[in-house]
Engineer: 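Have a look at the structure that comes next, please.
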Amino acid sequence: LYQVQPSDAARHLTVCDEAIRAGVGLAWEIKDRYAFVVAAMPDRHGLLADVTATLTGNLFDILDARTWVTASGMVLYHFRLASPIPARLAEASTWKRLRTDLLAISTGTLDPRTLLEKRRTMIGLTKAADSRFDDPAVKVDGKTSEHHTIVDVHAKDEPGLLSRLCRAMSEQHCNISYACINTMGDVAVDVFYVTRNGAKLSDDEANVLKQDLINSLQLTVAGT
């Protein structure tokens, strides 16, 4: 409640109630060239990787994201999205398809990686101007938070980057309790609070996770 405005909190509650009834809750608002989207569904291991892959596969670019997990096991997402085809944001069919795909990945009847592959093979999509960013970093911090290990990633953004990050963490049996995602031009600045078996990662586990993130993103990093 202290992280969002009262109007956003009311919308979050409505979307969570919809997810309880229908399996997935979804609401969106278009402002300027962005879509501000709230989604909710029952939590499960690896869900954030699948949700972000679904968004990317549906021709959305994830600019900002926040995640929360409720005590009842519902996960809530708040995204700021753009699209390389801006006119799609105003089309009802865009949101109908997104709702259908989110429900399908929630129930396990759709592999979101097939959606990602379609996005990768599409041509003619606009890209952010090249900032010439060439200083990637992956940091895994076990000291700042009492209950969580903090993963901090700075990397050149590309479609599917966030999903690959989340999938690498889930493959290391990590649960993401909170995420703060920011994309500035073609640079991703992503922070995750993670646990493993309900506790912070050990030093050895943190080192393995860091190396796995570096390998999965094919990065040469300067961070420690």
Side-chain angles (χ1 to χ4, degrees), residues 3-5 8 11-12 15 26-29 31-41 43-70 74-84 89 98 102 105 112-113 115-116 119 127-128 131 133 135-141 144-145 148-172 174-195 209-210 212-214 216-217 219 221 223:
Q3 292 180 333
V4 300
Q5 297 296 320
D8 287 334
R11 179 177 294 180
H12 292 179
V15 170
L26 184 66
W28 63 93
E29 182 179 10
K31 293 182 180 178
D32 298 326
R33 62 185 186 278
Y34 303 117
F36 294 82
V37 178
V38 180
M41 61 195 72
D43 194 19
R44 63 164 170 77
H45 190 69
L47 182 63
L48 184 54
D50 289 345
V51 168
T52 53
T54 301
L55 288 170
T56 301
N58 274 269
L59 292 184
F60 290 107
D61 294 326
I62 303 169
L63 304 181
D64 301 310
R66 303 292 182 272
T67 71
W68 300 269
V69 180
T70 72
M74 193 68 67
V75 61
L76 180 72
Y77 302 110
H78 194 147
F79 297 103
R80 180 168 67 98
L81 307 175
S83 175
L89 299 180
L98 178 61
L102 287 175
I105 65 108
R113 287 171 287 193
L115 300 174
L116 265 184
R119 171 71 182 265
K127 298 181 180 180
S131 66
F133 174 81
D135 188 24
V138 176
K139 298 181 180 180
V140 181
D141 171 18
T144 301
S145 172
H148 295 86
T149 296
I150 302 175
V151 178
D152 192 343
V153 179
H154 292 199
K156 193 75 171 285
D157 191 36
E158 62 180 75
L161 173 73
L162 180 55
S163 180
R164 292 205 308 277
L165 281 171
C166 295
R167 200 168 301 284
M169 284 183 273
S170 69
E171 289 174 353
Q172 287 297 324
C174 294
N175 292 315
I176 300 171
S177 301
Y178 174 73
C180 181
I181 309 303
N182 293 282
T183 304
M184 296 167 283
D186 66 343
V187 180
V189 181
D190 301 338
V191 180
F192 307 87
Y193 283 63
V194 305
T195 60
L209 174 60
K210 176 183 174 180
D212 196 54
L213 289 169
I214 291 171
S216 68
L217 300 180
L219 297 179
V221 303

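The model shown is predicted, which means the values in this text are computed figures rather than measured ones.
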Engineer: Less than 4.5 Å apart, any side-chain heavy atom of Met169 and any of Asp212?
Structural biologist: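 No - every pair of side-chain heavy atoms lies 4.5 Å or more apart.
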Engineer: Do Ile105 and Leu47 come within less than 4.5 Å of each other through their side chains, counting heavy atoms only?
Structural biologist: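 Contact flag for Ile105/Leu47 side chains = yes.
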Engineer: What is the distance from atom CG of Leu162 to atom CG of Leu55, rounded to the nearest 0.5 Å?
Structural biologist: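 Result: 9.0 Å between the selected atoms.
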Engineer: Any chance you could measure Asn175, atom CG, to His45, atom NE2, to the nearest 0.5 Å?
Structural biologist: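 Separation between the atoms: 6.0 Å.
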Engineer: If I take atom CZ from residue Phe192 and atom CD1 from residue Ile181, how far apart are they, to the nearest 0.5 angstrom?
Structural biologist: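 Going from CZ on Phe192 over to CD1 on Ile181, the span is 4.0 Å.
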Engineer: To the nearest 0.5 Å, what is the distance between CG (Leu116) and CZ (Arg164)?
Structural biologist: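 Here the rounded value is 8.5 Å.
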Engineer: Taking side chain as C-beta onward, heavy atoms only, is Trp28 less than 4.5 Å from Leu81?
Structural biologist: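 No, every pair of side-chain atoms sits at 4.5 Å or beyond.
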Engineer: Does the His12 side chain pair with the main chain of Val38, one donor and one acceptor, at a distance under 3.5 Å?
Structural biologist: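 Answer holds: no.
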Engineer: Are side-chain heavy atoms of Val51 and Met41 found at a separation under 4.5 Å?
Structural biologist: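 Side-chain contact under 4.5 Å: yes.
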Engineer: Could you measure the distance from the CG atom of Leu48 to the CG atom of Asp43? Nearest 0.5 Å is fine.
Structural biologist: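 Rounded to the nearest 0.5 Å, the CG-CG separation comes out at 9.5 Å.
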Engineer: Pro136 versus His154: any side-chain heavy-atom pair under 4.5 Å?
Structural biologist: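 Counting from C-beta outward, Pro136 and His154 never come under 4.5 Å.
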Engineer: When you measure from the side chain of Ser83 to the backbone N and O of Leu59, does any donor-acceptor pair fall under 3.5 Å?
Structural biologist: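 Yes; judged by distance alone, with no hydrogens or angles, the pair exists.
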Engineer: Between Thr67 (side chain only) and Val75 (backbone N and O only), is there a donor and an acceptor less than 3.5 Å apart?
Structural biologist: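 Pair absent, no side-chain N/O of Thr67 close to backbone of Val75.
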Engineer: Look at the rings of Trp68 and Tyr178 and say which category their plane angle falls in: under 30° parallel, 30 to 60° tilted, over 60° perpendicular.
Structural biologist: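 Judged by the thresholds at 30° and 60°, the geometry between Trp68 and Tyr178 is tilted.
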Engineer: For Leu76 and His78, what are the C-alpha separation, side-chain angles and deciding distance, and is it a side-chain contact (heavy atoms from CB on, under 4.5 Å)?
Structural biologist: CA-CA 7 Å; Leu76 180 72; His78 194 147; over 6 Å; no
Engineer: Please test Thr183 against Asp61 for side-chain contact (heavy atoms from CB on, under 4.5 Å), starting from the C-alpha separation and ending with a verdict.
Structural biologist: CA-CA 9 Å; Thr183 304; Asp61 294 326; over 6 Å; no
Engineer: What pairs with Phe36 under side-chain contact (heavy atoms from CB on, under 4.5 Å), at least two apart in sequence or on another chain?
Structural biologist: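 Checked Phe36 against side-chain contact (heavy atoms from CB on, under 4.5 Å); matches are Lys31, Tyr34, Arg80.
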Engineer: Nearest heavy-atom pair of Val15 and Leu26: which atoms, and what distance?
Structural biologist: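 Taking Val15 first and Leu26 second, the nearest heavy atoms are CG1-N, 3.9 Å.
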Engineer: Can you see which heavy atom on Val189 is nearest to which on Met184, and at what distance?
Structural biologist: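 Looking at all heavy atoms of both residues, the shortest contact is CG2-CE, 3.2 Å.
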Engineer: At what distance, to the nearest 0.5 angstrom, does CG of Leu161 lie from OG1 of Thr52?
Structural biologist: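 The OG1 atom of Thr52 is 9.5 Å from CG of Leu161, to the nearest 0.5 Å.
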Engineer: Indicate the atoms forming the closest heavy-atom contact of Gly46 with Ser170, along with that distance.
Structural biologist: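 Looks like CA-CB, 3.8 Å.
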Engineer: Does a side-chain heavy-atom distance below 4.5 Å link Thr54 with Phe60?
Structural biologist: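 Sidechains of Phe60 and Thr54: no contact.
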Engineer: Can you name the closest pair of heavy atoms from Ala168 and Leu209 and give their distance?
Structural biologist: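 Reported closest heavy-atom pair: O-CD1, 4.4 Å.
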Engineer: Is there a side-chain contact (heavy atoms from CB on, under 4.5 Å) between Val194 and Gln172? Walk through the geometry before answering.
Structural biologist: CA-CA 11 Å; Val194 305; Gln172 287 297 324; over 6 Å; no
Engineer: Side chain of Ser216, backbone of Leu213: donor and acceptor closer than 3.5 Å?
Structural biologist: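 Checked: pair present.
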Engineer: So which atom in Leu63 and which in Ala82 form the shortest heavy-atom distance, rounded to 0.1 Å?
Structural biologist: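 For Leu63 and Ala82, the tightest heavy-atom pair comes out as CD1-CB, 3.8 Å.
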Engineer: Looking at Ala49, is its backbone amide N or carbonyl O close enough to the side chain of Ser163 to form a donor-acceptor pair, meaning the two atoms are under 3.5 Å apart?
Structural biologist: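 Checking the backbone N and O of Ala49 against the side chain of Ser163, a donor-acceptor pair under 3.5 Å is found.
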